[in-house]
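Presented below is the structure to which this report refers.
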Amino acid sequence: MTSQPATTLLILGASGDLTRRLLLPGIGTLLASQPERRLQVVGADLRELDADDWHGRVRDALAEGGAGAPAADAVLATTRYAAGDATDDEALRALLASIPCDRLVIYFALPPHVTELVCAALERIGVPGGTILAIEKPFGDSLATARELNALVTRIVPEERVFRIDHMLGLHTVLNLIGLRFANRLMEPVWDRDGIERVEVLYDETVTLEDRAGYYDRNGALRDMIQSHLLQIMAMLAMEPIASVGERDLRDAVGQVLRAARVVDPVRDSRRGRYAAGDIDGRAVPDYTAEQGVDPARGTETIAEIEVAIDNQRWAGVPFVLRSGKSLGEVRKRAVIHWRAPAHVPSGMHGRDTPDKLVIDFKPDGFELHLTTNGKGDPFTLEQTVLRGELGGAHLLPYGEVLASILDGDPRLAVRGDAAEECWRIVEPVLEAWRRDDVPMASYPAGSTGPEGWATS
Ligand code: NDP
């Protein structure tokens, strides 16, 4: 083992869903590929959990992530669990005092409103120097609350030690996007309003509510996916050329795009829908409103689409359509770049009826370039040739990547405070229009392609 400084990962909300399903296995995958990491894991939650129970959870999750001895044994030898209310100053002070460490990461795997209360307590009691705060989405629930939370967390630690987690695009996917755009002579010269007619970012899932009504029914597809993740992807697609893939260059470029982005007419430029009973791969799915824990009166959408305008020289007039939905018939996690038609096709050539496009797939990462070329039979006819490429994937589970970046103190992929606020600013007019019921709620059967008439590529 190398002599890396030991880090203590204090997980608040350690008996919750995120910790069990994603965070602990994420540690496993991290240790599997980087066994030299020295990590102490301390779990804390309201629930009483005996030491054996906690050890069992950590052991199983490390195994699930693929961690082997001696890295897993080293974590198991020092991990412990503390029951208590993390919003209580004295309980939190005692918890922090019990952690002797060189470096402390506090991971908030808590309900969002509890995270805010714990941050308020941390401001009162203080944190050890060098502490990193890792905060899950949603970051606030409006522009105003995101601003307040930003102000609060940066009174506890400086911005560069606040990691607002966005696990959607891992490091590989971000670098793949940047390479595709900037590391060849083909893409960048046509990557603007002259070359591109429209951009779509699609995140269609076949998963249903899956017992997450407590969270999802209060949020819906726009808040859960578009506000947090798809706007980040859009920003990566639309950003100006960067000098380096360093944290400052990357996050400045993302912030610049988001500041220029807006939904011009929230009623015209947004759509929402909710799944009705249907069937996905032979599995019967109930109507969303009949799912356990759903309150139909909340009017929560399970599919959302917005059209975003980016008011700058590069993108004026090019719509960016962002869409995400649950319980659809097919998984589609991709961006589609629709190229403009050529200014003139030599007369005498015919048959060009499908616009050219670049499809960028996320996880597995790859692309398809659909290009008009001459037909294989009659050379006067035109048809499309599809060029396919595979791009490298991550070695770690998404939360392994998230944890690696936090432990390395690399906030490159964390959402910066200004970006978190901009994302709320962009979607708020839409949320307001939906609250006023100015946009009808469409319906689609589970397992379908979405509401009728919602054409996407
Ligand atoms: P859960 O409700 O499953 O877990 C939260 C845990 O926090 C519960 O065990 C809860 O205990 C505990 N808790 C509540 N109040 C306190 C307190 N005062 N002190 C200590 N512990 C407390 O939520 P999730 O794990 O699903 O989500 C956690 C965060 O992660 C949320 O911000 C969510 O949006 C985000 N997230 C979750 C994902 C997921 O797939 N689950 C995916 C991406 C993000 P009790 O149950 O007893 O109240």
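Numbering of ligands and ligand atoms starts at 1, following listing order.
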### Side chain, backbone, both or neither: the part of Leu18 lying under 4.0 Å from ligand 1 by heavy atom
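Both parts.
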
Give a yes or no on whether a salt bridge exists between [X] and [Y], defined as a side-chain N under 4.0 angstrom from a carboxylate O.
X      : Y      : value
Asp408 : Arg37  : yes
Asp252 : Arg416 : yes
Arg274 : Asp287 : no
Glu307 : Arg323 : no
Arg283 : Asp281 : no
Asp45  : Arg47  : no
Arg259 : Glu422 : no
Glu305 : Arg271 : yes

Which residue supplies the protein heavy atom nearest to [atom], what is that atom called, and how far is it?
atom                    : result
atom 34 (O) of ligand 1 : Lys137 O, 2.8 Å
atom 12 (C) of ligand 1 : Asp45 OD1, 3.3 Å
atom 7 (O) of ligand 1  : Gly13 CA, 3.5 Å
atom 21 (N) of ligand 1 : Leu46 N, 3.4 Å
atom 31 (C) of ligand 1 : Leu110 O, 3.3 Å
atom 4 (O) of ligand 1  : Gly16 CA, 3.3 Å
atom 26 (O) of ligand 1 : Asp17 CB, 3.6 Å
atom 46 (O) of ligand 1 : Arg47 NH2, 3.5 Å

Tell me whether [X] reaches ligand 1 (any heavy atom closer than 4.0 angstrom to a ligand atom).
X      : value
Ala44  : no
Leu12  : no
Arg212 : yes

#### Entry: Separation of Glu136 CD from Leu23 CG (nearest 0.5 Å)
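The CD atom of Glu136 is 7.0 Å from CG of Leu23, to the nearest 0.5 Å.
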
With heavy atoms of [X] as the reference, note each atom of ligand 1 found under 4.0 Å away.
X      : result
Pro111 : 5 (C), 7 (O), 14 (C)
Pro138 : 34 (O)
Asp85  : 17 (C), 18 (N), 19 (N)
Arg21  : 39 (C), 40 (O), 41 (N)
Ser15  : 9 (O)
Tyr215 : 34 (O)
Ala86  : 17 (C), 18 (N), 19 (N), 20 (C)
Thr87  : 18 (N)

### Message
For the backbone of Leu222 and the side chain of Glu301, can you confirm whether one donor and one acceptor N or O come within less than 3.5 Å of each other?
### Response
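Checked: pair present.
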
### Query
So, Asn176 side chain and His172 main chain: donor-acceptor pair closer than 3.5 Å or not?
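Looks like yes, one N/O pair under 3.5 Å.
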
### Query
Is the Lys NZ or Arg CZ of Lys326 less than 6.0 Å from the centre of Tyr216's six-membered ring, within 45° of the axis?
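Yes, a cation-pi geometry holds between Lys326 and Tyr216.
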
### Query
For Phe139 and Trp424, what are the C-alpha separation, side-chain angles and deciding distance, and is it a ring pair (Phe, Tyr, Trp, His ring centres under 6.0 Å)?
CA-CA 9 Å; Phe139 191 82; Trp424 280 116; 9.4 Å; no

### Message
Determine whether any protein heavy atom is located less than 4.0 Å from atom 9 (O) of ligand 1.
### Response
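Yes; the ligand atom in question has protein heavy-atom contact below 4.0 Å.
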
### Task
Scan the protein's non-hydrogen atoms and note whether one is under 4.0 Å from atom 2 (O) of ligand 1.
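Flag for atom 2 (O) of ligand 1 set to false, no protein heavy atom closer than 4.0 Å.
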
### Task
Could you tell me how the ring of Tyr399 sits relative to the ring of Tyr107: parallel (under 30°), tilted (30 to 60°) or perpendicular (over 60°)?
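If you compare the ring of Tyr399 with that of Tyr107, the planes turn out tilted.
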
### Query
Using the ring of each side chain (for Trp, its six-membered ring), is Tyr444 parallel, tilted or perpendicular to Tyr275, with breaks at 30° and 60°?
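Rings of Tyr444 and Tyr275: perpendicular, over 60°.
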
Can you check whether [X] has an N/O within less than 3.5 Å of an N/O in ligand 1?
X      : answer
His167 : no
Thr19  : no
Leu22  : no

